[in-house]
Amino acid sequence: MTEETASTPTNFILDAVAEDLRTARFKHVRTRFPPEPNGYLHIGHAKAICIDFGIAQAYGGDTNLRFDDTNPVKEDTEYVDAIQEDIRWLGFDWAGEPLYASDYFEQLYQYALQLIRAGKAYVCDLSPDEVRQYRGTLTEPGRNSPFRDRSIEENLDLFQRMRAGEFPDGARTLRAKIDMASGNLNLRDPVMYRILHAEHHRTGNAWCIYPMYDFAHGQSDSIEGITHSLCDLAYEDHRPLYDWFIENLGIFHTRQMEFARLNVNYTILSKRFLRQLVDQGYVLGWDDPRMPTLRGMRRRGYTPAAIRAFIDQVGVSKKESLVDIGLLEHAVREDLNQRAPRVMAVLEPVKLVLINYPEGQVEYLEAVNNPEDESAGTRQVPFSRELYIEAEDFREQPPPKYFRLAPGSEVRLRWGYIIKCVDFVKDADGRVTEIHATYDPATRGGYAPDGRKVKGTIHWVSARHALAAEVRLYDRLFRVENPNRIEEGGSFMDHLNPQSLTVLANCMVEPSLADAAHEAHYQFERKGFFSVDSDSKPGALVFNRTVTLRDTWAKIEDKHKQGG
RNA sequence: UGGGGGCUCGUCCAAUGGUAGGACAGUAGACUCUGGAUCUAUUGAUAGGGGUUCGAAUCCUCUGCCCCCAGCCA
């Protein structure tokens with residue numbers, strides 16, 4: 001029926017893969033997602049995941065999960081479990097068991113031997129500092145290492161002794177013999193192996209030499225029969241080297257293609273910076289709901305479907321961009337609007353007394369659970385003489401176009417009655433502490449039998465039935481659009497938003513929330529989408545605000561304030 | 001004064017020599033028991049100059065601007 005079946009927009013990688021299939025460069029598609037297990041996954045990885053898995057899915061291929069664990073000093077098993085959990089949560093699954101670059105250490109070693117025998121690699125005794133000096137600069141060519149022309153026999157001997165542990169860290173390296181004058185620095189005899197007497201999270205102390213990324217990644221792709229190795233633009237300069245190793249080794253030729261990484265405004269997606277936020281206590285952990293980590297977003301209430309939709313909208317290109325976080329917010333709202341049950345919760349309560357409502361009386365009113373989903377049904381909400389309503393839903397002096405409660409004005413209590421404000425009480429500081437109103441018994445359920453128009457509808461909760469709850473409101477972590485841009489001598493920390501977390505400790509929510517499960521999503525009517533925090537317990541409920549609802553009234557009010 | 005990339009509405013992505021289109025944001029209106037949702041309409045862009053062509057965002061050329069690379073990190 002729907003002729004315009006949301007034709008998934010194409011992109012240059014999809015096109016290239018289709019072309020490769022058409023020209024029979026490859027007969028099938030196999031991709032890989034290669035995280036380094038040295039941190040938690042974030043929304044930027046979600047883009048890579050969606051691309052890596054998505055491209056394969058699009059052509060009926062599969063995707064390997066391969067941990068890029070070639071640097072034992074930075075990696076840890078703590079992360080390999082978390083990464084797998086996050087990928088699954090996002091909604092993807094890999095072919096077979098998770099793989100590890102470290103599984104190929106022996107094979108990689110043999111490849112190195114092969115290049116040495118071919119006269120294409122040599123053991124170099126230069127110190128790290130000397131290597132830097134010999135490398136030259138961006139505009140000046142480098143110089144050949146004095147060890148460049150060692151005999152094959154000597155190289156073989158030395159490299160085997162490197163493996164045997166005869167030399168201390170940093171004493172020697174194995175280097176590819178390419179071109180010290182290349183304009184591409186990656187081709188100036190890049191280091192293939194370094195000596196590192198460190199325990200590896202999987203291979204333990206079996207090795208004291210470890211391959212560099214450049215000597216591990218391409219071959220790992222090749223070994224696994226990866227057809228398309230999709231990565232960050234940062235590796236564009238590495239592609240000639242990637243190809244060089246594959247060609248000189250004469251092994252299966254994976255095709256590497258690069259796309260622009262994701263950047264989102266008002267946030268930061270550098271593992272190093274995220275780690276600082278955690279280590280220095282600016283956030284409560286990797287799963288702090290303000291963090292752009294998958295775990296943080298999950299706790300905040302973002303859904304996998306929303307994140308995937310967001311990534312789809314962002315698209316794939318080679319242009320470095322800064323995506324508006326509004327797009328992400330739109331994606332969650334759209335998803336949660338369909339699935340989140342509606343519920344009434346008063347975040348900043350003020351008491352409302354219906355002076356003509358019988359004392360002690362309780363009645364149960366029927367409320368629709370989700371107007372977007374009839375199958376969600378209805379529930380009974382207790383109603384009584386004393387209620388809580390939102391403090392901001394009453395104004396002693398209402399501004400123009402204010403539809404809510406004010407002295408003498410009428411408003412509808414959602415699913416309840418139409419009421420009229422007759423009085424209010426203020427404390428010594430001038431704060432409204434109690435509002436008095438009369439209710440119209442003829443309007444039960446919120447309907448006006450006389451057809452009278454009541455513009456405003458507000459949410460409420462019965463005082464004696466309400467459950468106390470803590471609600472955590474989040475705002476962007478940074479005050480500036482691009483916290484990655486740092487002034488001289490400054491730090492991205494300078495741009496932190498000190499108001500990124502607001503805890504509301506005295507909220508009142510309707511009793512149906514008593515057994516709300518962790519991670520359950522709700523819409524608090526008129527306030528936003530919320531999810532149950534992992535700190536939440538029966539009797540001590542805690543909710544996180546995922547995102548507010550669109551608020552056109554706030555916009556109108558802002559305009560009035562500015563316009564005067 | 002090296003090498004590699006990139007410049008299309010405010011933002012992100014399309015248009016693959018043939019009407020510059022979509023999404024988000026914005027604006028205006030309709031509807032509404034959520035100032036939500038929904039619906040309708042609407043503003044708004046090819047970095048600049050030259051060239052090829054009946055026709056250029058697309059091809060050529062010159063210029064400008066932006067990003068990445070000098071780890072024994074990935």
Side-chain angles (χ1 to χ4, degrees), chain A residues 9-12 15 34-36 38 68-71 73-75 124 126-128 131-133 135-142 169-175 181-188 190-196 209-210 212-214 216-217 231-240 258 260 265 271 312-331 333-334 337-338 342 344 368 371-372 401-404 412-416 418 443 445-448 454-459 523-528 548-557:
Chain A
T10 182
N11 63 58
F12 75 98
D15 291 348
E36 184 186 13
N38 71 341
D68 221 337
D69 55 353
T70 55
N71 186 357
V73 307
K74 292 171 76 175
E75 295 146 8
C124 180
L126 255 23
S127 70
V131 168
R132 194 175 315 122
Q133 282 163 22
R135 185 156 34 224
T137 69
L138 292 179
T139 52
E140 299 157 16
D169 286 3
R172 294 179 217 265
T173 56
L174 181 71
R175 295 227 256 164
S182 173
N184 181 346
L185 268 33
N186 295 123
L187 265 20
R188 318 245 263 227
V191 172
M192 295 160 59
Y193 269 93
R194 75 287 217 184
I195 300 173
L196 232 41
I209 58 172
Y210 291 92
M212 298 289 290
Y213 165 86
D214 283 311
H217 201 91
C231 62
D232 198 289
L233 250 28
Y235 296 98
E236 222 157 3
D237 283 347
H238 292 248
R239 180 154 30 91
E258 311 84 12
N265 61 9
K271 258 189 220 174
D312 275 353
Q313 298 230 13
V314 163
V316 184
S317 77
K318 298 190 71 153
K319 181 164 121 196
E320 298 173 69
S321 56
L322 187 59
V323 175
D324 192 339
I325 195 160
L327 203 57
L328 218 204
E329 294 175 345
H330 170 260
R333 286 195 186 104
E334 191 164 68
N337 180 50
Q338 298 303 317
R342 272 58 168 175
M344 292 196 283
V368 170
E372 304 293 325
K401 301 244 186 71
Y402 185 79
F403 302 155
R404 286 109 97 152
R412 174 174 21 244
L413 294 177
R414 174 135 244 224
W415 313 120
I418 293 172
T443 59
Y447 303 97
V454 176
K455 201 96 165 141
T457 298
I458 64 174
H459 59 280
Q523 183 193 108
F524 289 180
E525 294 220 33
R526 305 208 303 134
K527 300 308 294 181
T548 60
L549 255 27
R550 281 185 70 222
D551 189 349
T552 54
W553 165 246
K555 249 180 255 167
I556 294 169
E557 213 180 15

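To find a chain, count down the sequence lines: A is the first, B the second, and so on, and within it residues start at 1. Computed from a prediction, not measured in an experiment: that's the story for all the values here.
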What's A:K74 touching, base or sugar-phosphate or nothing? Going by heavy atoms closer than 4.0 Å.
base

Please check: side-chain N/O of A:R188 versus main-chain N/O of A:S182, any donor-acceptor pairing under 3.5 Å?
yes

Given a 3.5 Å cut-off on both pairing distances, which stems involving RNA chain B, each at least three consecutive Watson-Crick or G-U pairs, are present, if any?
B:2-7 with B:64-69, B:10-13 with B:21-24, B:26-30 with B:38-42, B:47-51 with B:59-63

Could you check whether A:N71 gets within reach of a base, just the sugar-phosphate, or nothing at all, counting any heavy atom under 4.0 Å?
sugar-phosphate

Side chain of A:N337 only, please: which of B:rA37, B:rA74, B:rG35 is the nearest?
B:rA37

Describe the nucleic acid contact of A:V316 in one word from base, sugar-phosphate, nothing, applying a heavy-atom distance below 4.0 Å.
sugar-phosphate

Flag the pair A:E525 / A:W415 as yes when at least one side-chain heavy-atom distance between them is below 4.5 Å, and no otherwise.
yes

Report the nucleotide, chosen from B:rC72, B:rC13, B:rU34, that has the shortest atom-to-atom distance to any side-chain atom of A:S321.
B:rC13

Write down the protein N/O and nucleotide N/O pairs, taken from nucleotides 5-9 of chain B, whose separation is under 3.5 Å; answer none if there are no such pairs.
from: B:rU8; atom 1: OP2; to: A:K319; atom 2: NZ; distance (Å): 2.2

When all nucleic acid strands are considered with a 4.0 Å heavy-atom cut-off, which category describes A:N38: base, sugar-phosphate, or nothing?
nothing

How long is the span from the CG atom in A:L413 to the CD1 atom in A:I458, to the nearest 0.5 Å?
5.5 Å

Euclidean distance for P, B:rG50 against B:rU58 (whole angstrom):
14 Å

What contact category does A:S317 fall into here, base, sugar-phosphate, or nothing, at under 4.0 angstrom with non-hydrogen atoms?
sugar-phosphate

So, does the side chain of A:R526 form a donor-acceptor pair with the base of B:rG35 at under 3.5 Å?
no

Syn versus anti for B:rG71, judged by chi lying within 90° of 0?
syn

What one should report as the nearest heavy-atom pair of A:Y210 and A:L196 is CE1-O, 3.2 Å

Using a 4.0 Å heavy-atom cut-off, does A:T173 contact any base of the nucleic acid, only the sugar-phosphate backbone, or nothing at all?
base

I'd like to know if the side chain of A:R333 reaches the main chain of A:T548, judged simply by a donor and an acceptor atom lying under 3.5 Å from each other, with no hydrogens or angles considered.
yes

A:H238 NE2 to A:L185 CG distance, which is reported to the nearest 0.5 Å
10.0 Å

Mind checking A:S127 for me? I need base, sugar-phosphate or nothing, with any heavy atom below 4.0 Å counting as a touch.
base

Among B:rC12, B:rC73, B:rA25, the one nearest any side-chain atom of A:E36 is B:rC73

Considering only heavy atoms and no angle criterion, is a donor-acceptor pair shorter than 3.5 Å present between the side chain of A:E372 and the base of B:rU38?
no

If you look at every strand shown and take non-hydrogen atoms under 4.0 Å, does A:E140 touch a base, only sugar-phosphate, or nothing?
nothing

Taken to the nearest 0.5 Å, the spacing of A:R412 CZ from A:T443 OG1 works out to 8.5 Å

Which whole number of Å gives the distance between the C1' atom of B:rG29 and that of B:rC66?
41 Å

So what does A:L328 hit on the nucleic acid, given a heavy-atom distance under 4.0 Å: a base, only sugar-phosphate, or nothing?
nothing

Please check this pair: side chain of A:N184 against backbone of A:D237, looking for a donor-acceptor N/O pair closer than 3.5 Å.
yes

Kindly say whether, by distance alone, the side chain of A:N184 makes a donor-acceptor pair under 3.5 Å with the base of B:rG4?
no

Using side-chain heavy atoms (C-beta onward) and a distance below 4.5 Å, is A:D551 in contact with A:K555?
no

What interatomic distance, in whole Å, is found between P of B:rC31 and the corresponding atom of B:rG44?
28 Å

Mind checking the C1' distance from B:rG18 to B:rU53? Whole angstroms is fine.
12 Å

Nearest-nucleotide comparison on RNA chain B, the residue closer to the 5′ end among A:R172 and A:D551:
A:D551

Taking only the side-chain nitrogens and oxygens of A:K455, find out if one of them lies under 4.0 Å from OP1 or OP2 of B:rU32.
no

Ignoring the backbone of A:D68, work out which of B:rA15, B:rA74, B:rG35 is nearest its side chain.
B:rA74

Between B:rG36 (P) and A:I458 (CD1): distance, integer Å
16 Å

Indicate yes or no for a side-chain donor-acceptor contact from A:E75 to the backbone of A:N71 under 3.5 Å, with no hydrogens or angles considered.
yes

By nearest heavy atom, map A:F12 and A:D214 onto RNA chain B; which one lands nearer the 5' end?
A:F12

note: A:Q338, atom CD; B:rU34, atom C1'; distance rounded to Å ~ 15 Å

Name the closest nucleotide to the A:L327 side chain, picking from B:rC24, B:rC69, B:rA25.
B:rC24

Base, sugar-phosphate, or nothing for A:P371, non-hydrogen atoms under 4.0 angstrom?
base

When the P atoms of B:rG4 and B:rC62 are considered, how many whole Å apart are they?
15 Å

NA contact type, A:F524, heavy-atom cut-off 4.0 Å: base, sugar-phosphate, or nothing?
nothing

Is the number of heavy atoms from other residues, nucleotides or ligands within 6.0 Å of NZ (A:K455) greater than 12?
no

Distance in angstrom units between A:L196 CG and B:rC73 P, rounded:
7 Å

So what does A:Y210 hit on the nucleic acid, given a heavy-atom distance under 4.0 Å: a base, only sugar-phosphate, or nothing?
nothing

Would you say A:Y213 stacks on B:rA74, if stacking means ring centres under 5.5 Å apart and planes within less than 30 degrees?
no

For a quick test of reading the model, state the closest non-hydrogen atom pair linking A:G170 to A:P128 and the distance between them.
O-CD, 4.2 Å

Just to be sure I understand the rule, does A:R188 reach a base, reach only the sugar-phosphate, or reach nothing, if contact means heavy atoms closer than 4.0 Å?
nothing

Nucleotide of B:rC73, B:rG36, B:rU27 approaching A:R342 most closely (side-chain heavy atoms):
B:rG36

In whole Å, what separates the C1' atom of B:rG51 from that of B:rC39?
49 Å

Looking only at the side chain of A:R550 (C-beta and beyond, no hydrogens), which of the listed nucleotides B:rG35, B:rC72, B:rG36 gets closest?
B:rG36

What's the closest nucleotide to the side chain of A:V323 if the choices are B:rC12, B:rC72, B:rG35?
B:rC12

Taking the side chain of A:R404 as its heavy atoms from C-beta onward, which of B:rG35, B:rG4, B:rC72 lies nearest to it?
B:rG35

Under 4.0 Å, heavy atoms only, any strand: does A:I418 hit a base, just the sugar-phosphate, or nothing?
nothing

Inter-nucleotide C1' distance (B:rU52, B:rC59), Å rounded:
8 Å

Between B:rA56 and B:rU16, how far is it from one C1' atom to the other, in whole Å?
13 Å

Please verify the inter-ring angle class for A:Y235 with A:Y213; under 30° counts as parallel, over 60° as perpendicular, anything in between as tilted.
tilted

